[in-house]
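Since we're looking at a predicted model, the values are computed, not measured. A, B, ... follow the sequence lines: proteins, then strands. Residue 1 opens every chain.
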Protein chains: 2
Amino acid sequence: MRLTTKGRFAVTAMIDLALRQNNGPVTLAAISQRQQISLSYLEQLFGKLRRHELVESTRGPGGGYTLGRKASEITVADIIVSVDEPIDATQCGGKENCLGEGHRCMTHELWAALNTKMVDFLDSVSLQSLVDDQLAKGVVVENAPMIKRAISSAPVVKPIRVNAPNSVFALGGVAFSK
Amino acid sequence: MRLTTKGRFAVTAMIDLALRQNNGPVTLAAISQRQQISLSYLEQLFGKLRRHELVESTRGPGGGYTLGRKASEITVADIIVSVDEPIDATQCGGKENCLGEGHRCMTHELWAALNTKMVDFLDSVSLQSLVDDQLAKGVVVENAPMIKRAISSAPVVKPIRVNAPNSVFALGGVAFSK
DNA sequence: GCTTTCCCGACTGTTTTCGTCGAGTATAGC
DNA sequence: GCTATACTCGACGAAAACAGTCGGGAAAGC
Ligand code: FES
Ligand code: FES
């Protein structure tokens with residue numbers, strides 16, 4: 001199985017999204033700032049998530065992303081499979097053909113079994129349960145005022161696409177290098 | 001967690017070794033030929049396995065490798081950890097410090113749990129059980145004649161270190177390219 | 001028409017992985 | 001001793017995977 005930062009970031013971003021989507025669509029720029037993930041990278045990730053129908057998008061001002069279905073019906077496995085394509089631990093990729101003809105190699109069953117275990121587990125964890133965990137831990141969700149347009153006075157920091165403060169390693173706070 | 005061909009090869013090689021070690025030490029050259037794994041690569045792998053005391057080595061003619069302890073007391077997790085060092089699915093590597101100070105990130109627990117599942121499973125499979133599987137499937141172990149020295153006549157194919165027939169992808173039979 | 005926001009594909013730099021090579025050491029048998 | 005067998009070690013290099021960027025575009029709202 002493949003488990004990379006792509007999958008980790010995707011899960012983190014989805015939690016962020018699930019926590020806040022009641023106030024309407026959430027923009028990637030906002031997620032980028034909160035979670036310190038590069039905006040460009042998020043775009044890539046959410047492109048895949050959308051194609052797998054885990055999220056829905058709304059364009060234009062006030063737009064952003066929303067969950068494609070209820071958080072309780074999205075599992076971690078769904079998310080990871082969406083962004084990290086193959087979730088398979090075997091060498092042959094499930095085709096049982098490491099050897100010439102229909103003969104699986106000595107260890108095929110072992111990897112297949114491992115695979116099943118992992119998928120089963122990740123499939124047993126729903127996005128909702130992760131969200132609940134966060135709420136239980138007292139994460140504060142700024143209940144955005146839903147103001148369509150503030151009387152533009154304060155020079156709001158515009159989220160620019162280039163170079164998020166530098167997404168080194170952090171997933172939610174102070175960034176620090178490897 | 002890291003799961004690469006290194007780990008797969010190591011497990012395959014260990015099965016081969018376990019199947020045949022009753023006839024005395026097994027050479028890497030022999031394993032290399034049977035399993036189509038490059039000899040040089042096997043040397044690297046077995047170096048690590050030896051440092052982790054999973055195998056023991058005997059030098060000189062007639063030498064080779066033997067299991068370091070009973071097959072029933074070696075688990076797949078042991079093997080993989082030996083060659084693929086960190087068996088950890090979290091970003092922080094267990095130190096719980098994706099964020100600044102002692103704060104674990106939103107997903108730490110998730111990855112840690114996954115990790116535990118995987119290790120538990122791999123730890124529950126012993127080398128002995130894999131060997132039994134193979135025997136049950138009718139794998140033929142050439143019960144080598146234990147002849148110390150044949151009356152050298154037939155030009156025995158000497159296993160040379162250079163270029164195993166080309167270890168493309170196969171783990172035990174006809175090789176074929178990716 | 002202007003801004004916001006998503007959308008897409010191609011691209012590049014780094015890291016990891018896979019596998020090789022060369023030189024060396026211990027042991028056994030003659 | 002000499003030689004052949006085998007393991008031992010470290011450095012090296014090509015190739016693939018990964019992480020992240022960039023530029024241009026298209027819908028939506030005002
Ligand atoms: S891993 Fe599936 S046949 Fe070898
Ligand atoms: S993964 Fe451990 S703190 Fe983030």
J.: Please report the distance, rounded to the nearest Å, between CG in Asp84(B) and C1' in dT16(C).
T.: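 Atom-to-atom, Asp84(B) to dT16(C), this comes out as 11 Å.
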
J.: Are the charged groups of Asp78(B) and Arg69(B) less than 4.0 angstrom apart, N to O?
T.: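 A salt bridge links Asp78(B) with Arg69(B).
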
J.: Using atom CD of Gln35(A) as one end and atom P of dG20(D) as the other, report the distance to the nearest whole Å.
T.: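 Rounded to whole Å, this separation is 15 Å.
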
J.: Taking atom types as they are modelled, would you say the side chain of Gln44(B) forms a donor-acceptor pair with the base of dT20(C) within the 3.5 Å cutoff?
T.: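 Result: at least one qualifying N/O pair found.
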
J.: Are there any protein N/O atoms within less than 3.5 Å of an N/O atom in nucleotides 25-28 of chain C, and if so, which ones and at what distance?
T.:
from    : atom 1 : to       : atom 2 : distance (Å)
dT25(C) : O2     : Arg59(B) : NH1    : 2.4
dA26(C) : O4'    : Arg59(B) : NH1    : 2.6

J.: How many whole angstroms separate atom CD of Glu43(A) from atom C1' of dC7(C)?
T.: 8 Å

J.: Atom CD of Glu56(A) and atom P of dC7(C): how far apart are they, to the nearest Å?
T.: 11 Å

J.: Nearest whole Å is fine: how far is dC18(D) P from Phe9(A) CZ?
T.: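 Checked: the CZ to P distance equals 15 Å.
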
J.: Would you indicate what Val26(A) reaches in the nucleic acid, counting non-hydrogen atoms under 4.0 angstrom: base, sugar-phosphate, or nothing?
T.: sugar-phosphate

J.: Verify the neighbour count for atom CD of Glu53(B): are there more than 12 heavy atoms of other residues, nucleotides or ligands below 6.0 Å?
T.: no

J.: Using OP1 and OP2 only, check whether a side-chain N or O of Thr5(B) sits under 4.0 Å from dC18(C).
T.: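 For dC18(C), OP1/OP2 do have a side-chain N/O of Thr5(B) under 4.0 Å.
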
J.: Is the distance from OP1 or OP2 of dA17(D) to the nearest side-chain N or O of Thr4(A) less than 4.0 Å?
T.: no

J.: Taking the side chain as everything from C-beta on, heavy atoms only, tell me whether Leu54(A) gets closer than 4.5 Å to Lys48(A).
T.: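 Result no, sub-4.5 Å side-chain heavy-atom pair not found.
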
J.: Nearest to the side chain of Ser57(A), heavy atoms from C-beta on, is which of dC7(C), dA19(D), dC18(C)?
T.: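 The nucleotide sitting nearest to the side chain is dC7(C).
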
J.: Below the 4.0 Å mark, does dC9(D) have OP1 or OP2 next to a side-chain nitrogen or oxygen of Arg51(B)?
T.: yes

J.: Strictly below 4.0 Å, N to O, side chains only: are Lys137(A) and Asp133(A) in salt-bridge contact?
T.: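 Salt bridge: no.
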
J.: How long is the line joining CG of Leu39(B) and P of dG22(C), in whole Å?
T.: 14 Å

J.: Check whether Ser32(A) reaches the backbone of Ile37(A) with its side chain - one donor and one acceptor, N or O, closer than 3.5 Å.
T.: yes

J.: Report yes if the side chains of Trp111(B) and Val11(A) come closer than 4.5 Å at any heavy-atom pair, otherwise no.
T.: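 Side-chain contact under 4.5 Å: yes.
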
J.: Determine whether the side chains of Asp132(A) and Ser129(A) contain a donor N or O and an acceptor N or O closer than 3.5 Å.
T.: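 No donor-acceptor contact under 3.5 Å links the two side chains.
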
J.: Does Tyr65(A) put a side-chain nitrogen or oxygen below 4.0 Å from OP1 or OP2 of dC7(C)?
T.: yes

J.: Write down the distance between CZ (Arg50(A)) and P (dC7(C)), rounded to a whole number of angstrom.
T.: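 About 4 Å, once rounded to whole Å.
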
J.: Can you tell me how far C1' of dC7(D) sits from CD1 of Ile31(B), to the nearest Å?
T.: 12 Å

